[in-house]
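Heads up: the structure comes next, in structure tokens.
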Amino acid sequence: MFIPAIKHTLQGALSVAVLMVSSASFVQAADEKRNVILIIGDGMDDQQITIARNYLKGANGRLLLDAMALRSTSHILTVEDAVSSSPVYVADSANSATSMATGQITSIGRIATSAGEDKDIITIAELAKAAGFSTGVVSSASVTDATPASFIAHVISRDCENPTRMSVAGDNPSWVNAELCKTDRVDNGGAGSIAQQIALGSTDVVLGGGMKHFQPRGADSDKTLLKMAQDNGYQLVTNAAELMSNKSSGKLLGLFSEHTMPTRLRGEDGRIAERPLPSLLYNISSDLGSVVLPESMRCEENPDYAGMTSIKQMTDAAIKHLSTKADRGFFLMVESASIDKASHKRNACGSIGELAQLEEALASAQKFAADHPNTLILVTADHGQAAQLIPNPKAGQAFYTPGHIARITTPEGQIMAINYATTEAHSEKHTGTNVPLFANIEGQGRVPSMVTQPEIFNIMSAYLGLIP
Ligand code: MG
Ligand code: ZN
């Protein structure tokens with residue numbers, strides 16, 4: 001299907017959307033509400049799901065995911081920016097979320113913009129909004145992070161999160177490439193940073209972390225982005241109590257942490273995976289090839305998570321808000337972000353706790369769908385991650401494994417060995433595997449046994465009647 005790509009002329013894109021929707025009215029009766037809830041587990045490949053199932057439910061247990069009506073697989077596609085005909089086999093969260101949000105394949109790091117040409121690509125949230133649906137994003141990352149941003153903003157790079165990050169003179173982390181952001185700067189005729197686009201945008205519900213990205217002053221403005229958002233009609237909430245008691249029917253912005261929200265679980269005493277030590281080097285009396293393994297550990301509550309708003313609470317609030325105000329229904333994207341972020345840090349328990357949170361959000365979505373049958377629930381991942389479930393090396397038969405290993409004692413009393421070995425550097429890498437795609441009963445007949453990631457956009461758009 002053809003989706004128009006219009007750089008910095010969203011109004012133009014929206015009028016195209018309205019045209020598309022008017023012809024779509026033949027597909028969907030005007031009085032029939034339809035909803036799509038897309039739940040993305042960042043980095044949630046089958047290794048992560050299996051590890052979490054073993055810990056949370058036991059080897060013979062079942063996650064809610066496992067009981068969904070339909071299970072497909074999603075093939076991830078990304079390309080070189082300079083040569084968009086050249087495939088790249090491992091993706092990041094920006095290009096992969098852009099695929100799901102727009103139906104277009106783009107290059108790594110891009111937020112709803114096209115590879116090479118840097119055109120804005122209209123997203124499903126924008127199409128749905130223009131067609132009279134309510135829209136929302138929920139994330140346990142900053143709301144400006146790549147996954148949520150790809151549904152509600154357009155920039156050349158995921159680094160362009162706030163006005164400071166777009167300034168070469170800004171006090172920025174070393175990994176930020178502010179120079180790259182210059183085409184999106186307001187003084188160059190762009191729409192500004194991701195945070196500024198959210199603050200000035202029309203998404204009905206935006207909930208997650210990332211308060212720090214709204215504290216700088218807006219580009220060409222005396223006001224902070226937070227104030228700009230409030231002047232644009234957003235009610236601000238900053239903790240779970242405010243979120244739950246909120247009765248406003250206007251636009252809602254919830255920022256519950258400075259940046260990424262902490263994970264619910266962590267390794268015992270904050271431990272993460274550690275490097276096994278070859279005994280030859282450290283214990284002269286041991287056999288060649290035997291190793292000193294990291295001590296096993298349990299997962300424990302992360303003290304930093306205390307008082308944090310859960311993904312379930314954000315999902316419940318978003319569904320309640322969107323379903324009561326919707327005219328035609330709603331589109332909601334919910335992200336469990338730190339399956340990936342914890343895996344980058346070799347924090348297996350962090351990933352497990354984040355997947356437990358995804359399950360709770362799924363339960364909320366399923367509860368709503370039980371009362372509102374015209375609700376398509378899709379659950380998927382954006383890309384694979386580093387963690388691998390490997391045999392637990394036993395004393396006397398231990399083998400050396402490259403990389404780092406976490407030996408988690410499960411509630412079943414067994415040891416689950418999780419290996420991270422994509423790099424010796426600070427942060428583990430994504431992997432290029434297919435990822436699962438689950439759907440509720442509404443997916444039957446709509447979700448084939450294998451999709452490319454951009455086809456997820458087509459499935460959602462068709463369900464909402466956004467495709468002529
Ligand atoms: Mg993400
Ligand atoms: Zn990642």
Side-chain angles (χ1 to χ4, degrees), residues 38-45 47-48 51 74 76 78 88-102 106-112 123 125 136-153 155 157-161 173 175-176 194-195 198 206-210 213 255-257 259-263 272-273 311 314-315 332-348 350-351 353-355 357-358 361 378-388 420-423 425-433 435 437 453 456:
L38 170 65
I39 301 177
I40 299 176
D42 200 311
M44 188 182 70
D45 57 26
Q47 297 274 351
Q48 295 285 354
I51 291 164
S74 171
I76 295 146
T78 184
V88 171
Y89 302 112
V90 180
D92 89 321
S93 296
N95 78 268
S96 56
T98 295
S99 283
M100 290 185 269
T102 71
T106 193
S107 57
I108 285 173
R110 283 190 170 278
I111 303 293
T123 72
V137 295
V138 164
S139 177
S140 53
S142 296
V143 296
T144 52
D145 203 42
T147 310
S150 296
F151 288 83
I152 55 175
V155 287
S157 164
R158 59 185 298 171
D159 289 3
C160 319
E161 282 185 272
W175 48 264
V176 170
I194 294 166
I198 292 171
V206 179
L207 304 176
H213 296 295
L255 298 171
F256 306 103
S257 65
H259 31 84
T260 305
M261 298 165 91
T263 56
I272 57 175
I311 302 176
M314 294 192 288
T315 303
L332 172 64
M333 192 287 297
V334 176
E335 184 198 19
S336 173
S338 287
I339 300 168
D340 171 81
K341 290 182 191 299
S343 186
H344 279 297
K345 295 176 182 165
R346 308 180 178 117
N347 174 3
S351 295
E354 193 79 355
L355 208 143
Q357 288 217 53
L358 180 142
L378 297 177
V379 189
T380 192
D382 48 358
H383 55 72
Q385 247 292 349
Q388 286 198 88
Y420 299 83
T422 59
T423 178
H426 175 66
S427 177
E428 290 288 334
K429 303 296 182 190
H430 299 163
T431 57
T433 178
V435 293
L437 168 64
Q453 200 165 38
I456 294 173

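Small disclaimer: the values here were computed from a predicted structure and weren't measured. When a ligand or atom number is given, it counts from 1 through the structure's own listing order.
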Do His213 and Ile194 come close enough that some side-chain heavy atom pair is under 4.5 Å? no
Below 4.5 Å, heavy atoms only, C-beta onward: do Ile339 and Gln385 meet side chain to side chain?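 Answer no - side chains too far apart.
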Are Ile272 and Asn347 close enough, and set up right, to give a side-chain contact (heavy atoms from CB on, under 4.5 Å), and what steps lead you there? CA-CA 5 Å; Ile272 57 175; Asn347 174 3; 3.8 Å; yes
What do you reckon, are the aromatic ring centroids of His344 and His430 less than 6.0 Å apart?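 Centroid separation for His344 and His430: below 6.0 Å.
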Restricting to under 2.8 Å, identify the protein N, O or S atoms around the Mg ion (ligand 1) as residue plus atom. Asp42 OD2, Thr147 OG1, Glu335 OE2
Any chance you could measure Lys429, atom NZ, to His383, atom NE2, to the nearest 0.5 Å?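 One finds 12.0 Å between NZ of Lys429 and NE2 of His383.
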Looking only at heavy atoms, what is the nearest atom pair of Gln47 and Gln388, with distance?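 Where Gln47 meets Gln388 most closely, the heavy atoms are OE1-CA, 3.3 Å.
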Please report the shortest heavy-atom distance between Ile40 and Met100, naming the atom on each side. CD1-CE, 3.8 Å
Quick one: which of Ser338, Ser140, Ser139 gives a side-chain contact (heavy atoms from CB on, under 4.5 Å) with Met261?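 Among the candidates, only Ser140 passes.
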Counting distance only, does the side-chain N/O of Asp340 pair as donor-acceptor with the main-chain N or O of Ala337 below 3.5 Å?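 Absent.
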Could you tally the protein N/O/S atoms lying less than 2.8 Å away from the Zn ion (ligand 2)?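 The number of such protein atoms is 4.
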